[in-house]
2 protein chains.
Amino acid sequence: MEKILNNISVDCVIFGYADDSLYVMLTRRELMDAKTGQPLFTDYTVQGHHILTGENVDDAARRVLKEKTGLDNIYLKQFHAFGDISRIQHTNDQLWLKTTYPDVSDYVLTVGYYSLVDKTKVNPDEAHSFSSWFPVAELPELGYDHREIIDKALEALQSAVLKEPVAFELLPEKFTLLQVQRLYEAILGVNLDRRNFRKKINQMKYVIPLDEKQNGVPHTPAQYFIFSWDVYHKTKKEKYNISF
Amino acid sequence: MEKILNNISVDCVIFGYADDSLYVMLTRRELMDAKTGQPLFTDYTVQGHHILTGENVDDAARRVLKEKTGLDNIYLKQFHAFGDISRIQHTNDQLWLKTTYPDVSDYVLTVGYYSLVDKTKVNPDEAHSFSSWFPVAELPELGYDHREIIDKALEALQSAVLKEPVAFELLPEKFTLLQVQRLYEAILGVNLDRRNFRKKINQMKYVIPLDEKQNGVPHTPAQYFIFSWDVYHKTKKEKYNISF
DNA sequence: AATATTGTGTGTATTTATTACACAGTAACA
DNA sequence: TGTTACTGTGTAATAAATACACACAATATT
């Protein structure tokens with residue numbers, strides 16, 4: 001019999017990419033006054049859930065991601081555990097918990113994960129009815145410590161894409177160099193020089209040009225590339241460069 | 001009244017530096033057969049403890065570090081949460097828990113922290129009687145999933161010292177360039193070219209030469225330097241260099 | 001007094017990476 | 001036929017990474 005552990009949860013910061021922009025999936029939280037039927041407050045949270053008995057914490061995160069996006073086998077990475085006693089102590093959070101989840105403990109440690117999904121592949125029907133996408137730069141009011149969680153998730157994602165080719169996980173199998181650049185720009189929040197960026201990517205042996213070009217685009221068709229994890233793993237070297 | 005939370009703990013991987021080498025502090029775990037008085041097994045674990053009610057998880061880690069080393073205000077960083085159901089399921093671990101901590105839950109999520117201390121400043125009297133230092137390259141048999149925890153802690157430390165000047169936290173206020181180099185070599189486990197390393201450090205404006213030299217050393221006395229976090233923070237720039 | 005030991009301080013040539021920057025061309029569409 | 005939007009390309013300047021050798025100073029050893 002699966003029960004929830006009332007003091008351990010996971011929270012998934014689901015980054016969605018589309019239209020050259022980065023979004024976060026958030027769930028609306030609205031508490032109604034029992035008497036008047038008026039909303040007491042409205043805010044948003046990232047997707048989370050308590051872990052179940054007998055469940056690995058990584059599996060709990062995958063479960064939440066699957067529930068909210070319908071997606072499996074997606075890049076999903078733990079980035080930090082949040083365990084301050086104050087994290088669920090604000091008035092709205094206490095009200096919400098007491099009325100909605102009376103069994104939850106006073107103290108909940110949550111393990112934060114982020115993932116990076118193709119926003120266009122998340123079927124709105126599969127997403128939870130109260131969930132929607134917000135541009136990372138324009139977040140609404142957030143519950144609990146979820147502002148901190150999202151900030152830290154974004155920092156972790158930004159570090160990750162500079163150090164490992166995880167961004168390629170998100171691109172279609174065949175992609176153009178502009179697609180790679182736009183993705184990096186969306187994640188990092190900066191503009192990158194096109195020619196220098198292409199030079200950089202071109203020197204990566206594991207980004208392999210195909211004999212195939214775009215079709216039906218209203219401009220010079222771009223060459224397609226594929227990413228090879230195989231070549232990547234076979235050719236990568238340890239680097240010991242101090243850079244701060 | 002402070003109680004322990006029986007399903008959440010912290011584990012501190014305490015790295016100690018001395019003699020140009022990196023060590024890990026481990027605690028001996030020996031279970032005796034109640035009848036024969038013979039040891040059933042002996043192994044080692046990193047220092048951990050369950051968190052207490054009303055305690056921030058970061059504070060729990062600080063508490064453990066203080067208990068085991070007597071040290072306060074030391075670089076201590078959370079690096080990963082470990083929450084697989086199998087992590088305390090091995091025979092020795094179950095035997096140990098059932099006889100020693102019967103109240104502990106079947107499932108314990110642990111939050112891993114690492115710290116970096118001056119091994120020579122850890123007073124052996126203050127250290128737990130069963131604790132001792134092991135070179136990172138020669139670890140004994142480890143309990144639970146502590147091999148994985150230590151491996152991941154070391155990777156996190158290695159990444160951290162390349163990206164941020166945290167290694168300087170460990171050096172004495174006044175240090176020589178060779179001391180910096182030896183510390184990096186110990187943490188990274190590689191040899192670095194002396195002239196290139198000095199060139200690198202010398203270009204850092206926040207590593208400031210003093211008008212003071214070593215004394216009583218059996219070779220040319222080296223110049224002392226200090227590290228300035230102030231200058232560091234004032235001069236640091238965001239970098240967006242892809243490097244993998 | 002001589003010598004061994006151990007670490008200090010210094011420079012250059014080569015290669016590689018980073019940065020800043022401009023123009024001609026192609027496919028679709030209006 | 002022009003407009004739009006993106007492709008593909010190169011160079012000069014600067015900065016960083018790498019590989020590598022010798023003279024010197026302070027102490028300890030004989």
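Order of the sequence lines fixes the chain letters, A, B, ..., with proteins taken first and strands second; residue numbering starts at 1 for each chain. Computed from heavy atoms alone, side chains included, the values below leave out hydrogens, waters and symmetry copies. A quick note: this is a predicted structure, and the numbers were derived from the prediction, not measured.
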Would you please classify the geometry between the [Y] ring and the [X] ring as parallel, tilted or perpendicular, with 30° and 60° separating the classes?
X	Y	value
B/Y232	A/F244	perpendicular
B/F175	B/F168	tilted
A/Y144	A/H146	tilted

TODO: Give a yes or no on whether a salt bridge exists between B/K234 and B/D230, defined as a side-chain N under 4.0 angstrom from a carboxylate O.
DONE: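 So B/K234 pairs with B/D230 through a salt bridge.
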Between [N] ([atom2]) and [X] ([atom1]): distance, integer Å:
X	N	atom1	atom2	result
B/Q203	D/dT14	CD	P	17 Å
B/N215	D/dA26	CG	P	10 Å
B/H219	D/dA23	NE2	C1'	16 Å

What side-chain donor-acceptor pairs closer than 3.5 Å can you find for residues 179-194 of chain A, not counting sequence neighbours?
residue, atom, partner, partner atom, Å
A/Q179, OE1, A/T176, N, 2.9
A/Q181, NE2, A/E185, OE2, 3.1
A/Q181, NE2, A/L192, O, 2.8
A/R182, NH1, A/E185, OE1, 3.1
A/Y184, OH, A/V161, O, 2.9
A/E185, OE2, A/L192, N, 2.8
A/D193, OD2, A/R195, N, 3.2
A/D193, OD2, A/N196, N, 2.8
A/D193, OD2, A/N196, ND2, 3.3

Task: side-chain contact (heavy atoms from CB on, under 4.5 Å), paired with A/V24, selected from A/L142, A/I14, A/V136, A/L154 - done: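 When A/L142, A/I14, A/V136, A/L154 are each tested with A/V24, the side-chain contact (heavy atoms from CB on, under 4.5 Å) holds only for A/V136.
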Open item on the list: Using a 4.0 Å cut-off to any heavy atom of chain A, which nucleotides of DNA chain C are the first and last in contact, reading 5' to 3'?
Closed with: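 Nucleotide range in contact with chain A: C/dT18 to C/dA28.
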Every protein N/O lying under 3.5 Å from an N/O of nucleotides 8-11 of chain D:
residue, atom, partner, partner atom, Å
D/dG8, OP1, A/Q223, N, 3.0
D/dG8, OP2, A/R198, NH2, 2.9
D/dG8, N7, A/R194, NH1, 3.1
D/dG8, N7, A/R194, NH2, 3.3
D/dG8, O6, A/R194, NH2, 2.7
D/dG10, N1, A/R195, NH1, 3.4
D/dT11, O4, A/K199, NZ, 3.0

Open item on the list: We want to know whether A/N241 and A/S243 form a side-chain donor-acceptor pair, criterion being a heavy-atom distance below 3.5 angstrom.
Closed with: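 Side-chain D/A pair, A/N241 to A/S243: absent.
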Task: Considering all heavy atoms, the nearest B/S131-B/Q47 contact - done: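 In terms of heavy atoms, the two residues are closest at OG-NE2, 3.3 Å.
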